[in-house]
S.K.: 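The structure that follows is given in the form of structure tokens.
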Amino acid sequence: MSSRNQDLFEQSQRIIPGGVNSPVRAFKSVGGTPLFFKRGQGAYVWDADDKRYIDYVGSWGPMIVGHSHPAVVKAVQDAAAQGLGFGAPTAAELEMAELLCQLLPSLEMVRLVSSGTEATMTAIRLARGFTGRSRIIKFEGCYHGHSDGLLVKAGSGALTFGQPSSSGVPAEIAALTTVLDYNDAAGLERAFAELGKEIAAVIVEPVAGNMNLITPKREFLEALRALCTKHGAVLILDEVMTGFRVGLQGAHGHYGIKPDLITLGKVMGGGLPAAAFGGRRDIMQCLAPLGAVYQAGTLSGNPVAVAAGLATLKLVQAPGFYQRLSQLAKHLTEGLTASARKHGIPFCAQSIGGMFGLYFSKAVPTSYNEVMAGDKAAFNRFFHAMLDEGVYLAPSAFEAGFVSAAHTDADIAQTVAAADKIFSAW
Ligand code: HOZ
């Protein structure tokens with residue numbers, strides 16, 4: 001049977017590498033033909049063949065109030081009618097900066113950029129400029145965008161030089177990144193004992209959402225803060241995914257950990273390209289034009305993107321917003337887990353705020369190695385069976401899922417019933 005998705009994918013592959021503009025969209029991990037979407041409304045998306053899905057990707061996180069929320073669409077239309085961009089400051093940028101600093105007490109100053117990649121890349125440059133040091137630490141399985149120094153995997157021994165995880169990243173740049181195990185406080189302590197004077201920054205997802213979902217151990221968070229303080233390194237919490245997603249004060253508010261810098265994106269842009277980084281005033285004052293660390297962008301603080309972000313951030317401040325979001329995610333993960341248990345399938349799930357992880361393993365993983373040991377083939381089978389049932393999950397066993405305020409109890413019940421049907425025939 002001919003499929004518009006299939007036709008579009010075939011045509012796209014002729015002129016777009018792999019047919020997609022971001023690799024995970026290509027369904028390589030799960031196999032099959034990627035869906036081309038033509039519409040999103042509330043909790044649902046429609047593909048090019050007009051099939052409707054309950055959406056648990058939410059544009060990879062931003063759609064926390066659901067697709068095409070009328071207040072967000074109106075704000076975007078109003079802003080667009082006034083001008084699409086000026087490359088000059090606007091009052092709306094100030095409003096966004098003030099709101100971010102008011103909602104996130106760790107922000108004394110903030111700068112707006114256009115993508116999470118830009119935010120993390122610049123936060124690292126800033127940390128290097130501030131400390132006068134070059135080395136950074138990141139953790140295996142954490143993803144911080146695609147700048148050269150962050151596309152790095154561990155070398156053969158824990159403290160050997162990092163190696164490029166992408167062709168095109170110079171080994172000399174990767175060598176400045178040390179890659180450690182997530183949730184391993186002792187490993188972090190050893191790294192600081194050996195390399196402490198060289199370390200400009202530690203960058204970490206306070207809840208890892210790019211190796212499925214891994215929550216941080218309390219001792220790991222405490223070690224991050226204490227060791228960065230002791231050795232004069234900048235602690236960068238990458239909250240591009242978790243900011244306004246796990247709660248109104250992000251993961252650092254949730255866990256009560258004080259960062260030196262944070263990075264934001266996704267929800268704060270309401271689905272359009274807006275992102276930010278900010279934190280301690282003494283560090284942020286090193287940025288040009290005040291200081292010597294350079295960063296710039298024609299689209300930084302774009303008025304239409306800022307309008308989408310402001311409208312979204314207004315909606316998430318409604319009383320009870322995160323309570324309801326957390327409940328929805330909890331009902332989903334508990335429902336799926338109960339169904340799998342009933343049918344004797346090794347499966348578990350967890351959630352934090354509006355994000356969740358599904359694992360085809362006996363226990364919830366706490367590290368990259370544990371996640372990698374999960375049954376990927378089982379996930380892929382489940383993913384396609386759920387697609388057939390009209391449920392769209394992230395097309396990879398190593399991505400977190402997202403619920404929105406537009407999801408209803410009936411959507412969650414329908415999703416759990418779909419999984420139950422699949423598990424009963426497993
Ligand atoms: N960086 C996202 C995965 N964690 C993918 C974004 C996209 O393909 O839109």
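No hydrogens, no waters, no symmetry mates; every other heavy atom, side chains included, goes into these values. The first residue of the sequence shown is numbered 1, and numbering continues consecutively from there. Order of appearance sets the numbers: ligands from 1, and atoms from 1 within every ligand.
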S.K.: Please list all pairs meeting side-chain hydrogen bond (donor to acceptor under 3.5 Å, both in side chains) that have one or both residues in residues 386-399, counting only residues at least two apart or in different chains.
M.R.: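 Non-adjacent pairs meeting side-chain hydrogen bond (donor to acceptor under 3.5 Å, both in side chains): Glu389-Lys421.
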
S.K.: Under 3.5 Å, which donor-acceptor pairs link side chains of residues 5-13 to any protein atom two or more places apart or in another chain?
M.R.:
unit_1	atom_1	unit_2	atom_2	d
Asn5	OD1	Phe36	N	2.9
Asn5	ND2	Asp47	OD2	3.0
Asn5	ND2	Asp49	OD2	2.9
Gln6	OE1	Thr33	OG1	2.7
Gln6	NE2	Glu10	OE2	3.1
Ser12	OG	Leu8	O	2.8
Gln13	NE2	Phe9	O	3.2

S.K.: Report yes if some heavy atom in the side chain of Phe423 is under 4.5 Å from a heavy atom in the side chain of Phe382; otherwise report no.
M.R.: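 The answer is yes; the side chains approach within 4.5 Å.
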
S.K.: Quick one: does Asp260's side chain get under 4.5 Å of Arg225's, heavy atoms only?
M.R.: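 Counting from C-beta outward, Asp260 and Arg225 do come under 4.5 Å.
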
S.K.: Measure the shortest side-chain to side-chain distance between Phe86 and Asn302 over non-hydrogen atoms and say whether it is less than 4.5 angstrom.
M.R.: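 They are not in side-chain contact.
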
S.K.: Under the side-chain hydrogen bond (donor to acceptor under 3.5 Å, both in side chains) definition, can you give me all pairs with a residue in residues 403-412, not counting sequence neighbours?
M.R.: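 Every pair satisfying side-chain hydrogen bond (donor to acceptor under 3.5 Å, both in side chains) with a residue in residues 403-412: Tyr44-Asp411, Ser404-His407, Thr408-Asp411.
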
S.K.: Show the protein residues that qualify under the rule heavy atom under 4.0 Å from an atom of ligand 1, listing them in chain and number order.
M.R.: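 Contacts of ligand 1 under 4.0 Å: Ser22, Val24, Arg25, Trp60, Tyr143, Asn210, Glu399.
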
